[in-house]
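See structure below.
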Amino acid sequence: MSGARKSFAAVDCAVAQAIEQMGDPWILLILRCQFQGIKRFDDFQGHLQISTSVLTDRLRRLVEAGMLRKEQDARDKRGTVYLLTEKGLDFYPVMIALHQWSERWEAREDGPRLELLDKKSGEPVRDVRVLSQDYRELGARDVLALVDDRSGAMMLDIKERLRRRKGNAV
């Protein structure tokens, strides 16, 4: 048994649902292109060197997921553009966090691949961080995930497994 799961659609977990929509590498690269200004099919294809069928499928999936909308190009009535929706724009901090994480842990020796600057000030963008209500930076060990009956079967399973382990701890 390979352990490979084809779909996370039925898994009642926020991370599993995000993976279901965003877990494909092409989808992440298409969204990266979107955030950098690419909007047309031929530009995605040329930049990513992706097959027509795969690109068509991933753009369709992004439209169906509500991340992109497809519109007629205002400059060329024969063309189509893909534009980020509000849901798609909300993914931006995730994309920046992925970029920053990779630059920290998979950096090139000759420096960052890309510098992110605030358009208004020209200053570098700060790292994406988890903040408390009073703006203290929080790490993974500083956050408590409250699991209750609304949390879903997957989170309740984790809670139960940890409870049993604590009972067996020496």
Side-chain angles (χ1 to χ4, degrees), residues 8-9 11 13-52 54-146 150-152 155:
F8 289 93
V11 178
C13 165
V15 173
Q17 293 304 303
I19 290 168
E20 180 67 20
Q21 286 188 20
M22 311 306 297
D24 180 275
W26 288 119
I27 285 179
L28 293 173
L29 291 173
I30 289 166
L31 287 172
R32 184 210 61 198
C33 288
Q34 275 280 300
F35 289 122
Q36 292 174 338
I38 291 179
K39 297 177 176 116
R40 295 179 58 98
F41 188 96
D42 57 335
D43 291 329
F44 287 119
Q45 191 173 33
H47 173 70
L48 296 172
Q49 297 295 299
I50 184 174
S51 75
T52 301
V54 171
L55 180 56
T56 299
D57 176 68
R58 297 323 187 270
L59 288 169
R60 177 192 53 78
R61 286 170 52 184
L62 283 163
V63 169
E64 287 176 359
M67 300 289 288
L68 299 178
R69 68 180 186 278
K70 187 176 175 178
E71 291 186 3
Q72 185 178 40
D73 189 339
R75 292 186 200 155
D76 177 2
K77 299 299 181 195
R78 297 169 294 154
T80 300
V81 292
Y82 293 87
L83 303 171
L84 290 158
T85 63
E86 186 174 343
K87 182 178 178 182
L89 289 166
D90 271 356
F91 193 73
Y92 188 69
V94 178
M95 187 66 68
I96 296 305
L98 283 170
H99 169 82
Q100 291 171 343
W101 177 86
S102 181
E103 286 293 354
R104 177 174 180 186
W105 295 103
E106 305 299 327
R108 293 190 327 205
E109 288 183 22
D110 61 344
R113 295 166 185 89
L114 190 65
E115 193 172 357
L116 302 172
L117 302 176
D118 179 333
K119 279 184 183 180
K120 190 174 185 178
S121 70
E123 294 293 323
V125 172
R126 289 181 183 234
D127 286 349
V128 175
R129 295 289 186 230
V130 176
L131 301 177
S132 69
Q133 290 295 317
D134 63 355
Y135 300 100
R136 287 177 295 112
E137 189 174 313
L138 302 174
R141 292 181 178 90
D142 301 320
V143 176
L144 174 65
L146 292 178
R150 298 171 300 152
S151 301
M155 292 297 107

- [ ] Begin with the C-alpha distance, continue with both residues' side-chain angles, and end with the deciding distance and a verdict on side-chain contact (heavy atoms from CB on, under 4.5 Å) for I96 and Q100.
- [x] CA-CA 6 Å; I96 296 305; Q100 291 171 343; 3.5 Å; yes
Margin query: Apply side-chain contact (heavy atoms from CB on, under 4.5 Å) to residues W101 and L98 and explain how you reach the verdict.
Written below: CA-CA 5 Å; W101 177 86; L98 283 170; 5.5 Å; no
Sorted by chain and number, sequence neighbours left out, side-chain contact (heavy atoms from CB on, under 4.5 Å) with R136 holds for S132, D134, L138
One should read off an interatomic distance between Q34 CD and L89 CG, to the nearest 0.5 angstrom, of 9.0 Å
Closest non-hydrogen atoms of G122 and L117, given as atom of the first, atom of the second and distance, are O-CD2, 3.6 Å
E123 meets the side-chain contact (heavy atoms from CB on, under 4.5 Å) criterion, sequence neighbours left out, with S121
Please check this pair: side chain of Q72 against backbone of K77, looking for a donor-acceptor N/O pair closer than 3.5 Å.
yes
CE (M22) and CG (L28) are apart, to the nearest 0.5 Å, by 5.5 Å
Rounded to the nearest 0.5 Å, the SG atom of C33 sits from the CH2 atom of W26 at a distance of 9.5 Å
side-chain hydrogen bond (donor to acceptor under 3.5 Å, both in side chains) pairs touching residues 78-89, sequence neighbours excluded, are Q21-K87, D76-R78
Rounding to 0.5 Å, atoms CG (L55) and CD1 (I50) come to a distance of 5.0 Å
One should read off an interatomic distance between I30 CD1 and Q45 CD, to the nearest 0.5 angstrom, of 10.5 Å
Rounded to the nearest 0.5 Å, the CZ atom of F35 sits from the NE2 atom of H99 at a distance of 13.5 Å
(request) Using atom types as modelled and distance alone, determine if a side-chain donor or acceptor of Q17 lies under 3.5 Å from a backbone N or O of F8. (result) yes
The side chain to side chain donor-acceptor pair (under 3.5 Å) partners of E20 (sequence neighbours excluded) come to S7
Are any of the side-chain heavy atoms of I27 and L29 separated by less than 4.5 Å? no
Contacts of R150 meeting salt bridge (Lys or Arg N to Asp or Glu O under 4.0 Å) (sequence neighbours excluded), chain-then-number -> D148
Residues at least two apart in sequence or cross-chain that pass salt bridge (Lys or Arg N to Asp or Glu O under 4.0 Å) with D127, listed by chain then number, are R129
Residue set satisfying side-chain contact (heavy atoms from CB on, under 4.5 Å) with P112, at least two apart, ordered chain then number -> E103
Taken in chain and number order and not counting sequence neighbours, the residues that satisfy side chain to side chain donor-acceptor pair (under 3.5 Å) with R104 are none
Salt bridge (Lys or Arg N to Asp or Glu O under 4.0 Å) filter on R40, not counting sequence neighbours, yields D42, D73
Residues passing the side-chain contact (heavy atoms from CB on, under 4.5 Å) test with L146, sequence neighbours excluded, are L144
Using atom types as modelled, flag every donor-acceptor pair under 3.5 Å from a side chain in residues 56-70 to any protein atom, sequence neighbours excluded.
unit_1, atom_1, unit_2, atom_2, d
T56, OG1, T52, O, 2.7
D57, OD1, R60, NH2, 2.4
R58, NE, D24, OD1, 3.1
R58, NE, D24, OD2, 3.2
R58, NH2, D24, OD2, 3.1
R60, NH1, E64, OE1, 3.0
R60, NH1, E64, OE2, 3.1
R69, NE, E71, OE2, 2.6
R69, NH1, L84, O, 3.2

Across all chains, not counting sequence neighbours, the salt bridge (Lys or Arg N to Asp or Glu O under 4.0 Å) partners of D110 are R108
- pair R32-L48: side-chain heavy atoms closer than 4.5 Å: yes
